[in-house]
Protein chains: 2
Amino acid sequence: MAREMVRQGGRSARIQSEVHRTVQDLLKTMDRGEITVPMIAEKSGVTPSTIYRRWGDLSELLADVAVARMRPVADPEDTGAMESDLEAFILQYAEEMSSKVGRAMLADVLGSMEGDAAGRCCQFTYDHLETLRERALGRGEAAFDVKEAIDFVVAPIIYHILFGDRELSTDYCRSLVSRFFVK
Amino acid sequence: MAREMVRQGGRSARIQSEVHRTVQDLLKTMDRGEITVPMIAEKSGVTPSTIYRRWGDLSELLADVAVARMRPVADPEDTGAMESDLEAFILQYAEEMSSKVGRAMLADVLGSMEGDAAGRCCQFTYDHLETLRERALGRGEAAFDVKEAIDFVVAPIIYHILFGDRELSTDYCRSLVSRFFVK
DNA sequence: ACCTTAATGCAATTTTTTAGCGTTAGCCGC
DNA sequence: GCGGCTAACGCTAAAAAATTGCATTAAGGT
């Protein structure tokens, strides 16, 4: 009986979703710097010690919530052609990530060291791009390389969001995509 | 007398450098998650309340220290030609940033919201690239665009460091640079 | 239905953060 | 140089948050 697994049903799961929901509610109302663990505990009807034991500290909890929110619910839109597929996806990605909540989620994800929140959230992007690539292959198009798309298009977007050194206009995002295809 | 400036000499400056030095010392010994404000206060001989008043909280202090450590002390090396200049700079940049302390500094800088730590640290990179550009112009070479260098070379490096999705080998960094010049 | 133990609640303790108030010491004008 | 002004600091007490031990609850397997 070497398997001592995490319990995934019943009360434990109910508490997790309750805490997650509370955190998301609080993030709508107030700034992230004002949120505290005791505050979350009271609003969700859970004792603080439970939160500390399960998540360690506030930043880990916020990262966990952020990853959950970033988990995609559907495949990227199918526009009929690879280039427009990628452009549509990138425009939506840039808009989501550069919004206030998007930047907050990014910061939360990158502020955590346990649990590999950054890696998991990064994987969502890879998966989407891979979907677009396979879709292109199915159409018989000359598909792109996912890693190169990350380097040429995604990385600059994330960089400018994080460092705030450049406006993320739709024109600029489009230029990143077209630059990638003429390469 | 509209100027109510920050005092920059004497005791105040001494305390700032003392606290900075203590933080750097602690970062060598222990993990960032274990460092506390009272700990820094005791080691540096300053009361905690002073630290809280000057920096707000631990993450702001860590960001301040990180920016100070990232501030360059010298211009990038002059190798005689633009391409090798950029390559040398990028290789050093990637090595510094991907090291353990580099990643910690990046996280600290991005974890702060006041004071624009991210913007200031990003500016260091722009300044270095601008130096290389002007140096190239002085030689009569066809210089590169700094913003494009950020997009093509710097952004991918930072992305892979933050999200841990790819090994940052020297070969890979070199390929980013050459890819940028053949563009 | 029973057994094992992961996960929670509660409460006491410790640690961290905040806030008030008096004191020290830069900086400026004279 | 000599005060005056006040930013910045130290000290202390109070508030808030984080940790820990112990009892209790309830999944999941036999």
Side-chain angles (χ1 to χ4, degrees), chain A residues 1-23 25-27 29-65 68 108 111-115, chain B residues 1-23 25-27 29-65 68 108 111-115:
Chain A
M1 172 179 335
R3 297 185 5 81
E4 292 302 342
M5 281 302 296
V6 178
R7 299 190 173 172
Q8 42 190 338
R11 183 168 71 164
S12 181
R14 196 163 53 249
I15 282 179
Q16 154 147 357
S17 70
E18 199 63 40
V19 169
H20 272 224
R21 201 175 54 72
T22 302
V23 170
D25 284 352
L26 287 174
L27 282 172
T29 312
M30 58 208 328
D31 208 39
R32 197 159 81 279
E34 308 171 316
I35 297 179
T36 67
V37 171
M39 185 184 301
I40 298 167
E42 191 187 15
K43 276 224 159 196
S44 59
V46 175
T47 56
S49 57
T50 294
I51 295 180
Y52 287 119
R53 260 190 290 254
R54 276 191 65 158
W55 284 279
D57 59 15
L58 179 59
S59 65
E60 295 298 328
L61 170 56
L62 291 176
D64 192 41
V65 172
D108 290 342
S112 133
M113 283 161 287
E114 329 281 344
Chain B
M1 176 180 330
R3 296 186 7 81
E4 290 304 340
M5 281 304 296
V6 178
R7 298 189 171 170
Q8 42 190 338
R11 183 168 70 164
S12 182
R14 194 164 56 247
I15 282 180
Q16 155 147 357
S17 70
E18 199 64 39
V19 169
H20 272 223
R21 200 175 55 73
T22 302
V23 170
D25 283 353
L26 287 174
L27 281 172
T29 311
M30 58 208 328
D31 207 39
R32 198 159 82 282
E34 308 172 315
I35 297 179
T36 66
V37 171
M39 185 185 301
I40 298 167
E42 190 187 17
K43 276 225 158 194
S44 59
V46 175
T47 56
S49 56
T50 294
I51 295 180
Y52 286 117
R53 258 191 297 252
R54 275 190 68 159
W55 284 280
D57 60 14
L58 179 59
S59 66
E60 295 297 329
L61 170 56
L62 291 177
D64 191 42
V65 172
D108 291 342
S112 134
M113 283 161 286
E114 329 281 344

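Computed from a prediction, not measured in an experiment: that's the story for all the values here. The basis for the numbers below is simple: all heavy atoms, side chains too, and nothing from hydrogens, waters or symmetry mates.
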Please check the phosphate of C:dT24 (OP1 and OP2 only) for any side-chain N or O of B:Arg11 closer than 4.0 Å. no

Quick check on D:dG10: is either OP1 or OP2 less than 4.0 Å from any side-chain nitrogen or oxygen of B:Thr47? yes

Nearest 0.5 angstrom please: B:Glu42 CD to B:Thr22 OG1, how far? 11.0 Å

When rounded to the nearest 0.5 angstrom, what distance separates CG in B:Leu61 from CD1 in B:Ile40? 5.0 Å

What is the distance from CD of A:Glu42 to P of C:dC10, rounded to the nearest Å? 13 Å

Rounded distance (Å) that lies between atom P of D:dG10 and atom CD of B:Glu18: 11 Å

Figure out the CD1/P separation between A:Ile40 and C:dT8, and round it to whole Å. 15 Å

Taking only heavy atoms on the protein side, list every residue of residues 57-64 of chain A lying under 4.0 Å from any atom of DNA chain D, sorted numerically. none

Phosphate OP1/OP2 of D:dA7 contacted by B:Ser12 side-chain N/O (<4.0 Å): no

Give me, pair by pair, the N or O atoms of the protein and of nucleotides 11-14 of chain C that are less than 3.5 Å apart, along with how far apart they are.
none

Identify each atom pair where a protein N or O and an N or O of nucleotides 14-17 of chain D are less than 3.5 Å apart, giving names and distance.
from: D:dA17; atom 1: OP1; to: A:Thr36; atom 2: OG1; distance (Å): 3.4

Rounded to the nearest angstrom, tell me the gap between atom CD1 in B:Ile15 and atom C1' in C:dG26. 13 Å

So CH2 of A:Trp55 and CG of A:Leu62: to nearest 0.5 Å the spacing works out to 11.0 Å

Does B:Arg21 have any salt bridge (Lys or Arg N to Asp or Glu O under 4.0 Å) partners at least two apart in sequence or in another chain, and if so, which? B:Glu18, B:Asp25

Take the protein atom CD of A:Gln16 and the nucleotide atom C1' of D:dA27, then report the distance between them rounded to whole Å. 16 Å

Would you list the pairs meeting salt bridge (charged side-chain N to carboxylate O under 4.0 Å, His left out) in which at least one residue belongs to residues 52-61 of chain A, sequence neighbours left out? none

Rounded to whole Å, the CD1-C1' distance (A:Ile51 to D:dT19) equals 14 Å

Any donor-acceptor N/O pair under 3.5 Å between C:dG9 base and A:Arg53 side chain: yes

So, for A:Ser112 and A:Ser59, which heavy atoms are closest and what is the spacing to 0.1 Å? CB-O, 4.4 Å

Please output the side-chain donor-acceptor pairs of residues 30-38 of chain B that fall under 3.5 Å, not counting sequence neighbours, one pair per line with the distance.
from: B:Arg32; atom 1: NE; to: B:Asp108; atom 2: OD1; distance (Å): 2.3
from: B:Glu34; atom 1: OE1; to: B:Asp31; atom 2: N; distance (Å): 3.2
from: B:Thr36; atom 1: OG1; to: B:Met39; atom 2: N; distance (Å): 3.2

Separation of B:Glu34 atom CD from C:dT15 atom C1', in whole Å? 16 Å

In whole Å, I'd like the distance from the CH2 atom of A:Trp55 to the C1' atom of D:dT19. 18 Å

